[in-house]
**Q** 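Before I ask anything, let me first share the structure, which is written out below as structure tokens.
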Amino acid sequence: MGNPSFLTRAQSLLRIRNQLLRECLAELLATFMLIVSRAGSSAQKITSSEMKGNLLTSYLGGALAVMVGIYTAGGISGAHMNPAFSFAMCLIARFPWWKFPIFVVVQTLGSFISAGAVYILYYDAIWHYSNGTLTVSGPRETASIFATYPADYVSITNGFLDQVIGTGVLMVGVMGIMDTRNKAVPKGLEPVVVALLVLSIESSMGANCGCPLNPARDLGPRLFTYVAGWGAEVFRWVEGRG
């Protein structure tokens with residue numbers, strides 16, 4: 001009989017009443033859910049002999065991660081999970097500019113923490129696969145588990161255009177899904193449709209640079225690999241990585 005009363009009191013004590021803090025924590029959790037799933041699927045693709053080179057599994061894992069992230073915090077922070085999306089929302093006056101830098105920091109922090117979680121989860125697999133050497137290039141590289149790197153043939157200019165076009169397609173698609181004056185998506189299924197959009201983009205535009213489409217998704221994990229032992233090479237445009 002005392003349990004409901006205890007739980008009610010505990011909930012009241014733990015309840016966060018500051019709206020900005022609630023939004024930041026929700027955005028942190030959503031970004032964590034997104035990146036831990038995306039990086040986890042990459043870790044399996046790279047380190048597991050059974051899944052080696054299985055791009056479809058990696059793309060599907062990334063798309064479903066977007067869906068999970070939106071369902072996690074969409075009703076609290078909007079589940080931006082992406083500075084590019086936050087920026088786009090500011091441009092159309094649906095998100096205040098003063099919150100933009102705060103969300104960027106939170107999103108990057110969430111990505112950094114999730115990279116650490118994936119590193120812990122796949123610690124043995126990473127060190128076994130890499131033969132005890134953490135590298136950014138070569139046949140046993142493991143840095144691409146966490147951040148995205150260009151294919152051998154991609155120039156800086158082509159890589160830049162790849163991300164501009166890919167991110168642009170993502171933003172246009174998401175804005176179209178969100179527009180209630182457009183052909184409406186059944187309520188509650190918006191995250192599923194966004195996930196299918198991401199899957200479509202990754203399946204058609206992922207060959208050049210891995211299709212991050214998200215500055216925080218790339219920067220946070222890249223910062224983690226820098227401090228975790230991969231070194232400053234994670235910030236260089238590496239050629240001949242294969």
Side-chain angles (χ1 to χ4, degrees), residues 19-20 22-42 45 54-100 102-104 106-108 110-111 114 148 161-218 220:
Q19 183 60 28
L20 178 59
R22 284 166 56 87
E23 292 177 3
C24 287
L25 289 176
E27 192 69 14
L28 180 73
L29 181 59
T31 307
F32 177 88
M33 297 296 288
L34 168 68
I35 306 304
V36 79
S37 297
R38 292 187 68 124
S41 62
S42 294
K45 178 175 73 75
N54 193 335
L55 288 176
L56 179 59
T57 300
S58 180
Y59 291 156
L60 185 59
L64 293 177
V66 173
M67 180 186 71
V68 171
I70 298 174
Y71 275 126
T72 298
I76 303 172
S77 67
H80 294 190
M81 302 180 291
N82 187 339
F85 180 71
S86 298
F87 183 74
M89 295 295 283
C90 289
L91 289 177
I92 62 173
R94 295 186 62 176
F95 190 69
W97 282 103
W98 68 268
K99 283 186 179 181
F100 175 67
I102 298 174
F103 264 45
V104 171
V106 170
Q107 291 157 358
T108 305
S111 298
S114 63
T148 54
L161 290 175
D162 176 88
Q163 288 309 292
V164 169
I165 294 172
T167 305
V169 171
L170 175 64
M171 293 301 105
V172 171
V174 171
M175 293 300 176
I177 293 168
M178 292 173 55
D179 190 351
T180 56
R181 299 166 298 178
N182 204 346
K183 189 172 180 61
V185 175
K187 187 173 179 57
L189 291 181
E190 296 90 346
V192 177
V193 179
V194 172
L196 291 174
L197 169 65
V198 172
L199 179 60
S200 173
I201 295 173
E202 291 190 338
S203 299
S204 58
M205 302 183 189
N208 283 340
C209 299
C211 215
L213 309 176
N214 183 340
R217 176 260 180 277
D218 193 78

**Q** Could you check whether any side-chain heavy atom of Cys24 comes within less than 4.5 Å of a side-chain heavy atom of Ile102, counting everything from C-beta outward?
**A**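 The answer is yes, as the side chains (C-beta and beyond) meet within the 4.5 Å cut-off.
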**Q** Tell me, which pairs form a salt bridge (charged side-chain N to carboxylate O under 4.0 Å, His left out) where one or both residues lie in residues 192-207, sequence neighbours left out?
**A**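 Every pair satisfying salt bridge (charged side-chain N to carboxylate O under 4.0 Å, His left out) with a residue in residues 192-207: Arg38-Glu202.
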**Q** Could you work out, with salt bridge (Lys or Arg N to Asp or Glu O under 4.0 Å) as the rule, every residue matching Glu190, not counting sequence neighbours?
**A**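 For Glu190, no residue satisfies salt bridge (Lys or Arg N to Asp or Glu O under 4.0 Å) once neighbours in sequence are set aside.
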**Q** Can you pull the salt bridge (charged side-chain N to carboxylate O under 4.0 Å, His left out) pairs that have at least one residue in residues 165-180, sequence neighbours excluded?
**A**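 Output for this query lists Asp179-Arg181.
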**Q** Taking the side chain as C-beta and beyond, is there a heavy-atom pair between Leu199 and Leu60 under 4.5 Å?
**A**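 Counting from C-beta outward, Leu199 and Leu60 do come under 4.5 Å.
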**Q** Hey, what do you get for CG (Leu20) to CD (Glu27), rounding to the nearest 0.5 Å?
**A**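 Reported to 0.5 Å precision, the distance equals 11.5 Å.
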**Q** Go through the structure and list residues passing side chain to side chain contact (heavy atoms under 4.5 Å, CB included) with Ile201, not counting sequence neighbours.
**A**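 In terms of side chain to side chain contact (heavy atoms under 4.5 Å, CB included), with neighbours along the sequence ignored, Ile201 is linked to Val169, Leu170, Leu197, Met205, Cys211, Leu213.
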**Q** Can you confirm whether Thr148 sits close enough to Cys209 that some side-chain heavy atom of one is under 4.5 Å from a side-chain heavy atom of the other?
**A**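 In short, these two side chains do not touch, never coming nearer than 4.5 Å.
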**Q** Listed by chain and number, what are the side chain to side chain donor-acceptor pair (under 3.5 Å) partners of Ser37, not counting sequence neighbours?
**A**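 For Ser37 there are no side chain to side chain donor-acceptor pair (under 3.5 Å) partners, ignoring immediate neighbours.
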**Q** Restricting to non-hydrogen atoms, name the atom on Val198 and the atom on Ala63 that form the minimum distance, rounded to 0.1 Å.
**A**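 In this case the closest contact between Val198 and Ala63 is CG1-CA, 4.2 Å.
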**Q** Does Leu161 have any side chain to side chain contact (heavy atoms under 4.5 Å, CB included) partners at least two apart in sequence or in another chain, and if so, which?
**A**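 Leu161: side chain to side chain contact (heavy atoms under 4.5 Å, CB included) contacts with Thr157.
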**Q** Does Ser200 offer a backbone N or O that forms a donor-acceptor pair with the side chain of Ser203 under 3.5 Å?
**A**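 Checking the backbone N and O of Ser200 against the side chain of Ser203, no donor-acceptor pair under 3.5 Å is found.
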**Q** Can you pull out every salt bridge (charged side-chain N to carboxylate O under 4.0 Å, His left out) where at least one residue sits in residues 62-88? Sequence neighbours excluded, please.
**A**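 Not a single pair qualifies under salt bridge (charged side-chain N to carboxylate O under 4.0 Å, His left out).
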**Q** Is any side-chain heavy atom of Leu196 closer than 4.5 Å to one of Met67?
**A**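 A side-chain contact under 4.5 Å is absent here.
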**Q** If the condition is ring pair (Phe, Tyr, Trp, His ring centres under 6.0 Å), which residues does Tyr71 pass it with, not counting sequence neighbours?
**A**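 So Tyr71 forms no ring pair (Phe, Tyr, Trp, His ring centres under 6.0 Å) with any residue.
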**Q** Hey, could you give me the OG/CG distance between Ser111 and Asn214, rounded to the nearest 0.5 Å?
**A**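 Result: 6.5 Å between the selected atoms.
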**Q** Run the numbers on Met89 and Met178 for side chain to side chain contact (heavy atoms under 4.5 Å, CB included), then give the verdict.
**A** CA-CA 11 Å; Met89 295 295 283; Met178 292 173 55; 3.8 Å; yes
**Q** Got a sec, which residues hit side chain to side chain contact (heavy atoms under 4.5 Å, CB included) with Val193, two or more places apart in sequence or on another chain?
**A**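 Val193 satisfies side chain to side chain contact (heavy atoms under 4.5 Å, CB included) with Ile177, Val185 once adjacent residues are dropped.
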**Q** Can you tell me how far CZ of Phe95 sits from CZ of Phe100, rounded to the nearest 0.5 angstrom?
**A**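 One gets 9.0 Å once the value is rounded to the nearest 0.5 Å.
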**Q** Apply ring pair (Phe, Tyr, Trp, His ring centres under 6.0 Å) to Phe85 and list each qualifying residue two or more places apart in sequence or on a separate chain.
**A**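 Phe85: ring pair (Phe, Tyr, Trp, His ring centres under 6.0 Å) contacts with His80.
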**Q** Which value, rounded to the nearest 0.5 Å, describes the distance between Ser77 atom OG and Leu28 atom CG?
**A**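 Here the rounded value is 10.0 Å.
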**Q** Rounded to the nearest 0.5 Å, what's the gap from CE on Met171 to CG on Asn82? Could you check?
**A**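 These two atoms lie 5.0 Å from each other.
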**Q** Give every residue pair that meets the side chain to side chain donor-acceptor pair (under 3.5 Å) criterion with at least one member in residues 163-178, sequence neighbours excluded.
**A**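 Every pair satisfying side chain to side chain donor-acceptor pair (under 3.5 Å) with a residue in residues 163-178: there are none.
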**Q** Determine whether Val106 and Glu23 make a side-chain contact, defined as any pair of heavy atoms from C-beta on separated by less than 4.5 Å.
**A**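 No. Closest side-chain heavy atoms not under 4.5 Å.
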**Q** Locate the shortest heavy-atom distance separating Asn182 from Gly176; write the atom from each residue and the value.
**A**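 That would be ND2-O, 3.5 Å.
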**Q** Shortest non-hydrogen contact from Gly69 to Ala79?
**A**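 Between these two residues, the closest heavy atoms are O-CB, 3.7 Å.
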**Q** Between atom CG of Leu34 and atom CG of Leu64, what is the distance when rounded to the nearest 0.5 Å?
**A**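 Output value for this atom pair is 11.5 Å.
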**Q** Return the minimal non-hydrogen interatomic distance between Met81 and Ala30, and the atom names on each side.
**A**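 Residues Met81 and Ala30, closest heavy atoms: SD-O, 3.4 Å.
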**Q** Under the rule for side chain to side chain contact (heavy atoms under 4.5 Å, CB included), what residues qualify as partners of Asn208, not counting sequence neighbours?
**A**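 Partners of Asn208 by the side chain to side chain contact (heavy atoms under 4.5 Å, CB included) criterion, ordered by chain and then number, come out as Tyr153, Val154, Asn158, Asp162.
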**Q** Would Phe103 and Trp98 count as a close aromatic pair, with their ring centres under 6.0 Å?
**A**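 Ring-ring flag for Phe103/Trp98: false, centres at least 6.0 Å apart.
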